[in-house]
Amino acid sequence: MKKLLMATAASALVAGAVSAEDIKLGVILGFTGPIESLTPAMAAGGEFAMKEVSDSGKLLDGSTVTPVRGDSTCVDAGAATAAAERLITSDGVKGIVGADCSGVTGAILANVAMPNGVVMISPSATSPALSNAEDNGMFFRTSPSDARQGQVLADVLKEKGISSAAITYTNNDYGKGLADAIAAAFNAGGGEVTATTAHEDGKADYSAEVAALASAGGDILIVAGYVDQGGAGIIRAALDTGAFDMFALGDGMIGASLENNFGDEIEGSVGTVPGGESSNTDMIVAGITSDDYDSTGPYIGESYDAAALIMLAMQAAGSSNSADYAGKIMDVANAPGEKINTGELAKGLEILANGGEIDYVGATAVELIGGGEAAGGYREIVIEGGKITTAQYR
């Protein structure tokens, strides 16, 4: 019996010694495609949280976290689902930070993540259609729905005395969802939408699209597109033909390349991008700043928060398996519990390991509502001196 007890104890020690694991997390973003200038910094934001947790040694008995990247392309559902399949079946990721654009996010969720029971937290997929997508409790997002952004942008225009607007949108789930939300809110507020037309990305010339919009008239052109693709082409054609010189821009248009391409040519133009006054991304931006990409763009904080929520939920569940920790994401994201801010992931992990509760605030004042929706706020931007500046938070 004594020998049996000693053998059992030895087995327990061995088991404890190997209980730590190298947990792989997928990072699926559009490293190529219409927002490729934005995604390197987004990925770096999520991976910064993973490094913070790995360095702490406090996740699941000292487990480390390794990011594995996949290219969503933002627009090619087939390529995105293939990338997700590889991450899950070949690389064995335990969760996914991503995807980024709404159409590919929905495709990955329906065809890969949900069938395989793998958690996804998107930092930037904002289509209202995703609010009602079947997900078996596996899908969350740290940026708010465009149903909210549409109202915010409409409010901005109303307060500036703009009574009529034409709308163009990139022809996909994101563009149509945002355009519909803006139009509904603008009309409800007494504004007139003179025309709503789709544009295709990847064209060399958008003068025909702009001519049609100009013929309908409007005080301003609302662009729900991508800063590295058709949205930029629309603006260039509008400026070159004199059709419009004032623009209202959705979040997919806000990035350093907007300044680089247009500068003060679009002086006074406005836009909206997720963000709140209490957001705290300074530490993240300082940690990921690189000459290789724009570390001032959108969704960096949301990416950090997406990764952080996955790892904190793992700790709360005592498991890296999605089936075990998916139900803990809402718990760690919301009250009650001790507030955990940017750079305090080790503190949060320790509290959870000791059986306590946390309320993760993170970089973007995280609060999840409904079935994993971000409550979220928005930053109103204005182009001043050719630069993207913050007008206020809403």
Side-chain angles (χ1 to χ4, degrees), residues 30 32-38 73-79 101-104 126-127 129 146 149-150 153-154 156-157 160 162-187 191-272 383 386:
T32 62
I35 59 168
E36 62 185 20
S37 69
L38 306 181
T73 76
C74 177
V75 291
D76 187 335
C101 300
S102 297
V104 294
T126 53
S127 170
D146 281 332
Q149 182 175 190
L153 190 54
V156 170
L157 298 181
K160 293 186 177 298
I162 294 169
S163 59
S164 64
I167 303 175
T168 180
Y169 63 90
T170 185
N171 192 16
N172 63 18
D173 291 355
Y174 160 71
K176 188 174 190 313
L178 179 55
D180 288 348
I182 295 169
F186 192 61
N187 284 329
E192 177 193 3
V193 175
T194 60
T196 303
T197 63
H199 63 260
E200 301 295 336
D201 288 322
K203 295 182 63 175
D205 180 23
Y206 289 90
S207 56
E209 289 86 347
V210 167
L213 291 161
S215 68
D219 300 329
I220 198 168
L221 177 59
I222 300 172
V223 184
Y226 295 129
V227 70
D228 296 323
Q229 258 296 343
I234 289 283
I235 292 177
R236 176 49 62 200
L239 292 171
D240 289 349
T241 61
F244 295 92
D245 60 7
M246 286 283 289
F247 304 90
L249 308 170
D251 56 307
M253 294 296 299
I254 311 301
S257 59
L258 183 72
E259 296 178 355
N260 296 336
N261 290 335
F262 304 108
D264 60 9
E265 289 185 276
I266 57 171
E267 192 75 6
S269 294
V270 298
T272 47
I383 305 299

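Computed from heavy atoms alone, side chains included, the values below leave out hydrogens, waters and symmetry copies. Because the structure is a prediction, the values reported are computed rather than measured.
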Other residues, nucleotides and ligands only: do more than 12 of their heavy atoms fall within 6.0 Å of CG on D219? yes

Evaluate the side-chain proximity of C101 to N172: yes if any heavy-atom separation is below 4.5 Å, no if none is. no

Once rounded to the nearest 0.5 Å, what's the spacing between atom CD1 of I222 and atom OG1 of T196? 8.0 Å

Show your working on side chain to side chain contact (heavy atoms under 4.5 Å, CB included) between L221 and T168 and close with a plain yes or no. CA-CA 8 Å; L221 177 59; T168 180; 4.1 Å; yes

What one should report as the nearest heavy-atom pair of G250 and I254 is O-CG1, 3.6 Å

Without swapping roles, check the side chain of D228 against the backbone of S37 for a donor-acceptor pair under 3.5 Å. yes

Candidate pair V75 and V104, rule side chain to side chain contact (heavy atoms under 4.5 Å, CB included), full reasoning: CA-CA 6 Å; V75 291; V104 294; 5.6 Å; no

So, taking the atom named CG in D245 and the one named CD1 in I235, what distance separates them when rounded to the nearest 0.5 Å? 12.0 Å

Rounded distance (nearest 0.5 Å) linking atom OG of S257 with atom CZ of F262: 8.5 Å

Any chance you could measure K203, atom NZ, to Q229, atom CD, to the nearest 0.5 Å? 12.0 Å

Please tell me if the side chains of L258 and I266 come closer than 4.5 Å, counting only heavy atoms from C-beta onward. yes

For H199 versus Y206, what's the shortest heavy-atom pair and its separation? CB-CE2, 4.3 Å

Going from CG on D205 to CZ on R236, what distance comes out if it is rounded to the nearest 0.5 angstrom? 12.5 Å

Mark yes or no for whether E267, through its side chain, and G386, through its backbone, hold a donor-acceptor pair below 3.5 Å. yes

Please report the shortest heavy-atom distance between F244 and A166, naming the atom on each side. CZ-CB, 4.3 Å

For the student: nearest non-hydrogen atoms of L213 and I167, plus distance: CD2-O, 3.7 Å

I want to check something: taking the side chain as every heavy atom from C-beta on, are L178 and D251 in contact at a cut-off of under 4.5 Å? yes

For the pair Y174 (side chain) and Y169 (backbone), establish whether a donor and an acceptor sit closer than 3.5 Å, ignoring hydrogens and angles. no

Output, in order, the C-alpha distance, side-chain angles, deciding distance and verdict of side chain to side chain contact (heavy atoms under 4.5 Å, CB included) for L249 and V227. CA-CA 10 Å; L249 308 170; V227 70; over 6 Å; no

Point-to-point distance, once rounded to the nearest 0.5 Å, from CG of D146 to CD1 of I182: 7.5 Å

Side chains of D173 and S127: is there a donor and an acceptor less than 3.5 Å apart? no

State whether the side chain of T272 and the backbone N or O of Q149 hold a donor-acceptor pair below 3.5 Å, judged by distance alone. no

At their closest point, which heavy atom of V210 faces which heavy atom of A238, and how far apart are they? CG1-CA, 3.7 Å

Flag, side chain of E36 to backbone of G33, donor-acceptor distance under 3.5 Å: yes

Give the minimum heavy-atom separation between N171 and E200, together with the two atoms involved. ND2-OE2, 2.7 Å

Kindly indicate whether the side chain of V270, heavy atoms from C-beta on, has any atom under 4.5 Å from the side chain of L157. yes

